[in-house]
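Note sheet for the following structure.
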Amino acid sequence: MTSSHFAELLAYAQEHSGAASKRQGGFIAAYFENTDPDEITARGAATLFALANAHWRLFDSPREAQQPKIRVFNPSLAEDGFASEHTVVQIVNDNMPFLVDSVTMAINRTGRTAHWIVHPMMSVTRNADGSIATASTVAAAVAEGRDDPIESLILVECDRIVSAADQQALIDDLMRVLADVRAAVVDWEVMLARVNGLTVASERFSKGNDAHSEGIAFLRWLEDKHFTFLGARDYELKRNGHQVSLVALPDTGLGILRGKVQTVETTLPPEVVALIDSEETVLVTKAMTRSTVHRPSWLDYIAVKRFNDAGEIVGESRFLGLYTLNAYSAPVGEIPQVRQRTAAVMRAAGVVPESHAAKVLQSILDDYPRDELFQVDTATLTDHAVGILRLQERQRVRLFLRRDPFGRFTSAQVFVPRDRYNTELRMKISAELMTALVGKTIAVPSCCVLLVMVRALIWLNVLRMHFQARTWRISLRKRARRMPIFWRDCRNRLRWQSSSIARLMRWRVCCGLRFFILAKSPCLTPCRC
């Protein structure tokens with residue numbers, strides 16, 4: 001805020017605050033302290049004062065301990081002293097991480113855009129009746145040697161919400177989101193302690209193999225600011241003949257997994273049973289739910305084996321969260337488990353060390369989508385990496401598929417020549433994969449350039465029961481008429497057999513997209529269960 005606008009606002013507030021001016025003190029100035037100067041200039045002192053004064057009334061009212069106060073309204077001159085074409089969301093909450101991101105995500109999930117966000121943090125003391133005694137910036141409180149509680153005020157102007165029912169629905173959703181944020185923040189240290197306890201326990205039963213040691217190292221790596229833990233729960237392994245299931249242990253939920261268990265017992269598919277019986281200590285995949293905290297990504301799922309005193313596997317500890325930016329920027333050779341897989345790929349490819357092919361293959365592994373590197377098995381990574389390497393010799397459309405071991409989603413990497421890639425083509429390929437894999441939802445988590453090819457990764461949630469058997473009843477040629485660009489690129493390279501979706505694995509197509517396709521079928525391991 002420029003000094004002239006700052007002085008104008010303070011003068012206007014002093015003139016119009018009346019009896020409340022002494023109590024409000026520096027609230028108005030602190031409220032807009034870090035606001036975009038362009039927004040300040042465009043709105044004027046009268047509107048800014050009315051905005052802050054409306055928030056002050058919410059701020060000054062009594063608030064239950066550990067509970068937010070939320071108001072969603074369409075301002076009017078008669079009631080609020082200002083008018084706006086947007087709906088205003090005002091929140092008062094204890095200060096903690098992830099608040100602004102999580103609130104913005106909740107608003108965006110309704111299909112609305114957040115046009116302006118103000119987020120002052122106030123050092124506050126309250127009277128016995130809950131009203132404000134003093135409020136100032138945190139910096140001013142520190143300068144005066146005060147250690148008062150800090151409260152966060154959030155103002156969001158979003159697309160107009162006309163219906164009172166829709167406004168209340170947004171309030172209810174924001175209450176749930178802020179409860180998730182609080183639970184994750186409060187239980188964060190407890191979750192870290194649980195991870196550390198599992199790591200120590202796993203070290204006691206070290207089998208002297210690389211997979212077990214890398215799993216332990218991976219847990220240590222996650223603890224070192226590479227993973228944001230949002231939820232945790234313990235499960236007991238139950239075997240009944242050939243049927244293996246996980247039973248949720250009551251009162252072990254932390255963070256966003258606090259509270260009542262939704263699915264008490266989950267039967268595991270054979271692929272997951274094989275992983276449990278393997279030498280792997282840690283299983284990494286994606287959960288079926290998007291995060292309501294921090295950023296709108298699919299939650300990452302970390303399952304750690306639990307051992308009894310005899311070293312036998314008796315269950316798992318499940319952690320949900322998000323990898324941090326440090327994890328995505330870390331060199332591949334420094335990430336436990338991932339470094340083991342990439343080294344195995346380099347050996348299996350048989351490239352001559354320090355040769356051109358070896359350098360290109362290493363570059364492919366370094367640029368490989370990081371989420372995929374965390375989850376993919378060595379054999380699949382080898383097949384995909386070598387296939388991508390061969391694209392350097394002959395540039396053509398290629399498709400690489402990977403199924404989640406739980407059967408909940410399919411990851412598809414599609415490569416296309418760069419000069420053919422555009423948004424229209426990506427959308428047509430997405431629609432084609434949705435139809436082919438009988439998907440429920442689809443997401444494009446990343447898009448990157450690899451040499452002269454374009455790669456986009458798309459995750460598709462597939463209908464598990466139909467993945468192997470469903471036939472494409474509509475001719476590919478007929479559907480291709482609706483997507484001529486894609487058909488022109490692929491028609492000479494496509495080997496089409498309509499008997500099974502499994503034939504999709506034999507496509508001689510080359511596309512550069514990454515797809516995440518989620519299933520219509522019930523979740524085998526619901527992330528909020």
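Sequential numbering from 1 along the given sequence is applied to the chain's residues.
In summary, the side chains of Gln375 and Arg402 do present a donor paired with an acceptor at a separation below 3.5 Å, with no hydrogens or angles considered. For the residue pair Thr324 and His226, no side-chain donor N or O sits within less than 3.5 Å of a side-chain acceptor on the partner. Remark: the Thr380 side chain and the Asp377 side chain contain an N/O donor-acceptor pair separated by less than 3.5 Å. Side chains of Asp371 and Tyr328: a donor-acceptor N/O pair is present below 3.5 angstrom, by distance only. Checked by atom type, the side-chain pair Ser152/Asn95 shows a donor-acceptor distance below 3.5 Å. For the residue pair Ser411/Glu372, the side-chain donor-acceptor check at 3.5 Å is satisfied.
A heavy-atom distance below 4.5 Å is not found between the side chains of Gln413 and Leu399. The side-chain heavy atoms of Ile91 and Arg71, taken from C-beta on, include no pair separated by under 4.5 Å. Using a 4.5 Å heavy-atom threshold, the side chains of Val118 and Ile154 count as separate. Side-chain atoms of Leu268 and Ile276, non-hydrogen and from C-beta on, do get closer than 4.5 Å to each other. By the 4.5 Å heavy-atom criterion applied to side chains, Asn108 and Met105 are not counted as neighbours. In this structure, the side chains of Thr267 and Val244 stay at 4.5 Å or more apart for every pair of heavy atoms. Within the 4.5 Å cutoff, the side chain of Trp188 has no heavy atoms near those of the Thr228 side chain. When side chains are defined from C-beta on, Val156 does not count as touching Trp116, because their heavy atoms never get closer than 4.5 Å.
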Should Val162 and Asp166 be marked as a side chain to side chain contact (heavy atoms under 4.5 Å, CB included) after you check the CA-CA gap, both sets of side-chain angles, and the distance that decides it? CA-CA 7 Å; Val162 177; Asp166 290 342; over 6 Å; no
As a quick check of understanding, evaluate side chain to side chain contact (heavy atoms under 4.5 Å, CB included) for Leu178 and Gln67, giving each step before the final call. CA-CA 9 Å; Leu178 293 175; Gln67 291 296 319; over 6 Å; no
For Arg341 and Leu373: C-alpha separation, side-chain torsions, deciding distance, then whether side chain to side chain contact (heavy atoms under 4.5 Å, CB included) applies. CA-CA 8 Å; Arg341 295 186 194 119; Leu373 281 178; 5.8 Å; no
Between Arg295 and Asp101, does a side chain to side chain contact (heavy atoms under 4.5 Å, CB included) hold up when you go through it step by step? CA-CA 6 Å; Arg295 63 176 191 266; Asp101 293 343; over 6 Å; no
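Looking at Glu236, Lys238, Glu265, Arg239 one by one, the single match for side chain to side chain donor-acceptor pair (under 3.5 Å) with Ser245 turns out to be Glu265. Of the options Gln337, Lys305, His212, a side chain to side chain donor-acceptor pair (under 3.5 Å) to Thr281 is made by His212 and by none of the others.
Under the 4.0 Å criterion applied to side-chain N and carboxylate O atoms, Glu271 and Arg403 are not assigned as salt-bridge partners. Checked for salt-bridge contact, Glu424 and Lys428 meet the test: a charged N lies under 4.0 Å from a carboxylate O.
Residue Arg290 comes nearest to Trp298 through the heavy atom pair NH2-NE1, 3.6 Å, listed as atom of the first residue, atom of the second, then distance. Taking each heavy atom of Ile256 and Ala183 in turn, the nearest pair found is N-CB, 4.5 Å. When all heavy atoms are compared, the tightest approach of Gln90 to Leu155 is CG-CD1, 3.8 Å. When all heavy atoms of Ser84 and Pro75 are compared, the pair lying nearest together is CB-CG, 3.8 Å. When all heavy atoms of Val72 and Thr87 are compared, the pair lying nearest together is CG1-CG2, 3.6 Å. Summarising the geometry of Thr342 relative to Leu365, their closest heavy-atom pair is O-CD1, 3.8 Å, with the distance given to 0.1 Å.
Of the inter-residue distances, the one linking Cys158 atom SG with Leu170 atom CG reads 6.5 Å to the nearest 0.5 angstrom. Note that CG of Leu174 is 5.0 Å distant from CD1 of Ile70, once rounded to the nearest 0.5 Å. For the atom pair Phe98 CZ and Asp180 CG, the distance stands at 12.5 Å (nearest 0.5 Å). Here CG of Asp159 is found 4.5 Å from OG1 of Thr113. Values are rounded to the nearest 0.5 Å. From Ile302, atom CD1 reaches atom CZ of Phe374 across 8.0 Å, with rounding to the nearest 0.5 Å. The distance from atom CD of Glu157 to atom CD1 of Ile107, rounded to the nearest 0.5 Å, is 11.0 Å.
The main-chain N or O of Ile161 is found under 3.5 Å from a side-chain atom of Gln167 such that the two form a donor-acceptor pair. Formation of a donor-acceptor pair under 3.5 Å by the Asp187 side chain with backbone atoms of Gly255 is found in this model. Without hydrogens or angle criteria, Arg408 side chain to Lys286 main chain gives a donor-acceptor distance under 3.5 Å. Side chain of Thr252 to main chain of Ala248: no donor-acceptor pair is present (N/O by atom type, distance under 3.5 Å, no hydrogens or angles). Judged purely by atom type and a 3.5 angstrom limit, Arg370 uses its side chain to pair as donor or acceptor with the backbone of Ala327. Formation of a donor-acceptor pair under 3.5 Å by the Arg339 side chain with backbone atoms of Val332 is not found in this model.
Using cut-offs of 30° and 60° on the angle between ring planes, the pair Phe229 and Phe227 is perpendicular.
Residues that satisfy the ring-ring contact (aromatic ring centres under 6.0 Å, His included) test with His115, not counting sequence neighbours, are His86.
The local environment of CG in Asp277 is crowded, with over 12 non-hydrogen atoms from other residues, nucleotides or ligands closer than 6.0 Å. For Arg390, the CZ atom counts as loosely surrounded, since its 6.0 Å shell holds 12 or fewer non-hydrogen atoms of other residues, nucleotides or ligands.
Under a cutoff of 6.0 Å and an axis angle of 45°, Arg318 and Tyr235 form a cation-pi pair.
Checked against the 6.0 Å centroid threshold, Tyr301 and Phe319 do not count as a close aromatic pair.
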